[in-house]
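Structure record follows, encoded as structure tokens.
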Amino acid sequence: MGDTSAIAAGRTPAPGLSQVRGACPHDCPDTCALLTTVQDGVALKVQGNPAHAPTDGVLCTKVSHYTERTYHPDRLLRPLRRSGPKGSGQFEPVGWDEALTDIASRLSAIAARAPQAVVPYSYAGTMGLVQGESIAARFFHRLGASLLDRTICASAGGEALMYTLGGKVGMKVEFFAEAKLILIWGSNSIASNLHFWRLAQQAKRNGARLVCIDPRRTETAEKCHEHVQLLPGTDAALAFALMHELIVNEWLDHDYIARHTLGWEGLRERALQWTPERAAEVCGVPAAQIRALARDYATTRPAAIRLNYGMQRVRGGGNAVRAIACLPALTGAWRERAGGLLLSSSGMFPVDKAALQRPDLLAGRMPRTINMSTIGDDLLRPSSPDFGPAIEALVVYNSNPVAVAPESGKVVQGFAREDLFTVVLEHFQTDTADYADYVLPATTQLEHWDIHLAYGHTDIMLNRPAIAPVGGARTNTDIFRALASRMGLDEPCLQEDDFSLCRTAFGDRVDFSLLMDQGFAPLAVPDAPFAEGGFPTPSGRCEFFSERLQRLGQDGLPDHVPNYEVPGSSTRYPLAMISPPARNFLNSTFVNVHSLRDAEGEPLLEIHAGDAAARGIADGAVVRVFNDRGEYVVRAKVSPRARPGVVHGLGIWWRKLGLAGTNVNQLTSQRLTDIGRAPVFYDCLVDVLPA
Ligand SMILES: Nc1nc2c(c(=O)[nH]1)N[C@H]1C(S)=C(S)[C@@H](COP(=O)(O)OP(=O)(O)OC[C@H]3O[C@@H](n4cnc5c(=O)[nH]c(N)nc54)[C@H](O)[C@@H]3O)O[C@H]1N2
Ligand SMILES: Nc1nc2c(c(=O)[nH]1)N[C@H]1C(S)=C(S)[C@@H](COP(=O)(O)OP(=O)(O)OC[C@H]3O[C@@H](n4cnc5c(=O)[nH]c(N)nc54)[C@H](O)[C@@H]3O)O[C@H]1N2
Ligand code: SF4
Ligand SMILES: [Mo]
């Protein structure tokens with residue numbers, strides 16, 4: 001690839017050594033700027049770039065170990081073809097040419113008959129706009145393959161925000177450092193948003209009060225002044241009780257409400273039904289704590305809310321985000337730059353999605369959409385007039401669905417279909433790769449060009465390749481370019497190179513020479529974007545009431561939507577299980593990096609001492625966690641992090657590393673959220689017994 005010569009543009013600090021500027025590819029709000037030290041074509045270490053303010057020269061433990069991952073002895077270095085039954089993990093090496101030719105002919109044959117029977121499956125293994133949905137999207141659009149609804153993480157909260165504030169927009173993250181009260185709501189920042197936590201610490205040193213709202217006593221909750229340890233899926237009830245207190249105590253900014261919001265009367269009426277006592281019952285926290293929190297929120301200036309996606313993985317996740325997003329408009333917190341709310345900043349980036357993905361290649365066809373969160377059910381569906389053709393081919397890249405998608409029992413059954421043709425582009429032999437017909441070795445972030453937006457700051461980031469591809473690895477883009485040419489798809493845009501795609505992503509909306517020079521380019525975003533209203537909604541106001549939602553047949557106002565599986569509602573399954581991220585993994589990535597896996601130890605289920613004692617479970621005992629969907633065998637950890645009635649199945653471990661070859665998603669359901677069609681990973685009742 002001719003592009004790599006541009007590495008020479010990276011500064012050279014010492015003879016023989018060079019430092020290459022990059023960006024962290026992972027699905028993490030922080031999108032750090034990386035500096036990779038390279039000697040003789042070998043990456044020696046990856047560090048944080050001190051010149052990039054949000055990174056501040058610091059990386060998390062995981063990515064500090066990135067070279068260990070890139071040069072891992074288990075790294076896939078050549079294409080593999082299945083040589084045993086589906087899922088047996090038996091493969092034989094095969095040349096690129098043979099693999100690509102066979103894959104091209106199999107996909108061509110299916111696409112000629114039923115293009116929608118081909119389904120792409122991808123998520124944010126890399127957040128790169130180039131190695132994500134660029135050539136891949138063009139390729140599948142050109143084929144007329146099924147579209148994929150990428151809902152597995154953020155679409156409940158993201159769409160809720162869109163209906164309320166107008167998009168994934170909010171406070172500039174750096175101003176959290178100036179807030180005097182920060183609500184960390186559904187986020188374990190120390191584990192999953194480290195650079196935000198550094199800002200919160202700065203605020204704390206300047207006298208700010210930190211409140212954590214989370215069912216789990218996380219490392220973050222421990223370090224806050226206060227922890228509201230509510231039951232999973234009860235956040236909207238808490239938000240309404242806070243509104244109740246704002247109303248009855250006259251803690252409202254009437255001027256802001258009148259000029260910059262829509263639907264106040266309806267919201268007011270609804271909030272007045274939520275006394276702190278009523279919410280206390282639903283949330284499982286003391287009413288006095290809710291009252292005190294409302295007083296703090298109303299009377300401290302500036303007050304900021306750092307929401308994260310952990311709280312929207314339940315049936316009412318969308319409504320909960322809507323209810324919480326109403327709060328700063330009620331108190332006028334948006335008037336100050338250190339007040340307001342941030343869930344995601346990604347909507348502020350002017351990505352030219354159409355130029356990257358080229359939906360025009362559909363040429364008038366309107367393929368069906370498969371929701372990635374119900375891939376288990378969908379792989380098992382026969383052809384029908386409603387569904388269309390049964391899925392015959394699946395091309396997986398940047399994702400590990402067999403481990404991360406809900407209700408793995410069904411997902412595995414679907415992937416195990418002998419008549420399904422599955423191609424997996426991967427770095428490692430993951431649980432998903434085990435079910436492939438072909439596994440194709442892909443490059444890591446140190447080996448390719450890419451360009452990134454962020455969801456926890458507002459800088460565009462460029463990633464340069466630091467080293468040549470390891471072994472026979474090829475970029476995702478290169479693999480799709482090769483498949484396109486072998487399939488006779490001759491549109492020139494299917495051959496655009498990676499460096500050119502980096503330029504296409506933002507077009508002239510970014511100063512590309514700045515990106516080439518320093519590796520990042522800040523967006524021009526006002527300090528206090530909604531101080532004078534101006535929300536990007538249809539009304540230009542913060543929409544408590546959303547006509548768009550009402551037109552979809554939904555309640556136009558937010559409400560508390562109880563879980564499908566309400567904690568404490570079932571005698572058969574008396575425990576609510578949440579499965580939040582592990583600190584040393586990123587979803588199912590890094591589980592195979594030994595230093596990080598050693599830090600996590602083994603798969604664990606955290607359980608409260610009382611719940612453990614009632615079941616005769618000793619600390620360290622092997623237990624069965626089960627419900628009607630399946631069973632997960634895991635070691636129990638009797639832990640003060642768990643409240644009574646709630647257990648925590650941490651991290652997304654690889655199934656094959658589990659004691660009985662399953663992981664936590666064996667128990668989660670394929671039901672979807674109220675808004676955004678997203679999974680409800682944390683809306684899950686179970687029971688636990690000694691194994
Ligand atoms: N180390 C690490 N970092 C990560 C990830 C990882 O796996 N590991 N994952 C990345 C990804 S994909 C994402 S989407 C982001 C954000 O990922 P999130 O899923 O938001 O992860 P966390 O910030 O850890 O926050 C989840 C927190 O929400 C809590 N929670 C669970 N249910 C509820 C609820 O009903 N209400 C409330 N209030 N809280 C609840 C959990 O106990 C947990 O502490 O993080 C990213 N960063
Ligand atoms: N129970 C439970 N389940 C969950 C969650 C939870 O909290 N609890 N969290 C959910 C969330 S928030 C998310 S975002 C999803 C995450 O689900 P996924 O997006 O599937 O994330 P990962 O598990 O990290 O898997 C990404 C895979 O992509 C591969 N990869 C990385 N870069 C590249 C590349 O450049 N090319 C190719 N070809 N491959 C690459 C990695 O090796 C890795 O195996 O999981 C969801 N599942
Ligand atoms: S995972 Fe997050 S904190 Fe770690 S280096 Fe990447 S962006 Fe930074
Ligand atoms: Mo995510």
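Just follow the structure's listing: the first ligand is 1, and inside any ligand the first atom is 1. Computed from heavy atoms alone, side chains included, the values below leave out hydrogens, waters and symmetry copies.
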message: Can a side-chain donor-acceptor contact be found between Trp185 and Asp235 if the only test is distance below 3.5 angstrom?
response: yes
- prompt: Looking just at side-chain N and O atoms, do Thr443 and His448 make a donor-acceptor pair shorter than 3.5 Å?
  reply: yes
- request: With sequence neighbours left out, write down each residue that passes ring-ring contact (aromatic ring centres under 6.0 Å, His included) with Tyr121, or none if nothing qualifies.
  value: none
- prompt: Is the shortest distance from a Lys or Arg side-chain nitrogen in Arg138 or Glu133 to a carboxylate oxygen in the other one below 4.0 Å?
  reply: no
field: Heteroatom proximity flag, Pro29 to ligand 1, N/O under 3.5 Å
entry: no
query: salt bridge (Lys or Arg N to Asp or Glu O under 4.0 Å) with Glu222: which of Arg216, Arg641, Arg217?
result: Arg641
task: For ligand 2, would you mind listing the residues that have at least one heavy atom less than 4.0 Å away, ordered by chain and number?
output: Asp27, Arg69, Tyr123, Ala124, Gly125, Thr126, Ile152, Cys153, Arg313, Asn398, Ser399, Asn400, Val404, Leu425, Glu426, His427, Thr430, Ala442, Thr443, His448, Asn476, Ser579, Leu586, Asn587, Ser588, Thr589, Ile652, Val664, Asn665, Phe681, Tyr682
- prompt: Mind checking what makes salt bridge (Lys or Arg N to Asp or Glu O under 4.0 Å) contact with Glu226, not counting sequence neighbours?
  reply: Arg209
message: Using a 4.0 Å heavy-atom cut-off, which part of Asn188 comes near ligand 1: side chain, backbone, both, or neither?
response: both
- prompt: Which atoms of ligand 1 are found less than 4.0 Å from any heavy atom of Trp185?
  reply: 38 (N)
task: Answer yes when Glu600 and Arg583 have at least one side-chain N-carboxylate O distance shorter than 4.0 Å, and no when they do not.
output: no
- line: The atoms of ligand 1 lying under 4.0 Å from a heavy atom of Thr218, numbered in the order shown, are 44 (O)
- prompt: Which of the numbered atoms in ligand 1 are below 4.0 angstrom from a heavy atom of Arg216?
  reply: 42 (O)
message: Under the rule for salt bridge (Lys or Arg N to Asp or Glu O under 4.0 Å), what residues qualify as partners of Glu426, not counting sequence neighbours?
response: none
message: I need the atoms of ligand 1 closer than 4.0 Å to a non-hydrogen atom of Gly233, numbered in the order shown.
response: 34 (C), 35 (O)
